[in-house]
Amino acid sequence: MLHATGLDPHVQAYVRATPGFERIVQRGLDHALALLALPGRRFRVDIHVTCGGRRRRSVVVAEELAARRQDAGIGVGTEQRHVDRPVLT
């Protein structure tokens with residue numbers, strides 16, 4: 001598990017089963033949708049998700065947010081900037 005990331009299915013399942021996961025994802029989605037609904041919006045909405053290790057929880061949350069925005073018909077892209085960095089000790 002040490003070298004697994006939030007892109008691995010077993011890590012995703014573990015993180016999704018964590019208490020509070022759904023609340024965090026829904027809160028992020030609600031905030032993004034509120035910003036996207038602003039009248040006359042002429043900017044993109046970036047969502048940055050962080051966690052201590054930068055390789056598991058934040059990756060799963062970011063990917064879940066992206067999937068839900070895409071399901072809502074919103075164009076979305078993800079960039080995992082730290083997932084390939086060395087494991088923090």
Side-chain angles (χ1 to χ4, degrees):
M1 177 89 160
L2 179 63
H3 296 286
T5 73
L7 299 174
D8 294 313
H10 69 283
V11 174
Q12 292 172 359
Y14 179 84
V15 172
R16 284 187 176 108
T18 303
F21 174 80
E22 185 61 37
R23 182 177 43 88
I24 289 169
V25 171
Q26 190 59 52
R27 187 173 178 190
L29 183 61
D30 291 345
H31 283 105
L33 294 176
L35 289 170
L36 290 167
L38 289 174
R41 179 184 61 86
R42 295 177 184 240
F43 56 89
R44 72 181 200 190
V45 174
D46 291 343
I47 299 174
H48 299 259
V49 182
T50 62
C51 68
R54 309 172 307 210
R55 298 172 41 88
R56 295 182 188 93
R57 288 173 298 203
S58 61
V59 171
V60 176
V61 170
E63 293 295 327
E64 183 67 23
L65 279 169
R68 291 186 189 192
R69 285 179 299 181
Q70 193 167 28
D71 290 346
I74 300 166
V76 64
T78 59
E79 178 183 5
Q80 303 298 342
R81 296 174 56 188
H82 300 112
V83 74
D84 293 324
R85 289 191 180 175
V87 175
L88 297 176
T89 56

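- Atom CZ in R23 sits 12.5 Å away from atom CG in D30 (nearest 0.5 Å).
- Rounded to the nearest 0.5 angstrom, E79 CD and D46 CG are separated by 9.5 Å.
- Note that CD of Q12 is 10.0 Å distant from NE2 of H10, once rounded to the nearest 0.5 Å.
- In this structure, L38 and F43 have side chains that are in contact, with non-hydrogen atoms separated by less than 4.5 Å.
- The neighbour count for R44 CZ, taken as heavy atoms of other residues, nucleotides or ligands under 6.0 Å away, does not exceed 12.
- The heavy-atom pair separating V76 from A66 by the smallest distance is CG1-O, 3.5 Å.
- Within the 4.5 Å cutoff, the side chain of E64 has no heavy atoms near those of the V15 side chain.
- Contact annotation: the side chain of R41 approaches that of L36 to within less than 4.5 Å [non-hydrogen atoms, C-beta and beyond].
- In this structure, L29 and L65 approach most closely via the heavy-atom pair N-CD2, 3.4 Å.
- Between A32 and I47, the closest heavy-atom pair is CB-CD1, 3.4 Å.
- Contact annotation: the side chain of H31 never approaches that of V45 to less than 4.5 Å [non-hydrogen atoms, C-beta and beyond].
- Taking CZ of R56 as the reference point, atom OG1 of T18 lies at 12.5 Å (rounded to 0.5 Å).
- At most 12 non-hydrogen atoms from other residues, nucleotides or ligands lie less than 6.0 angstrom from CZ of R27.
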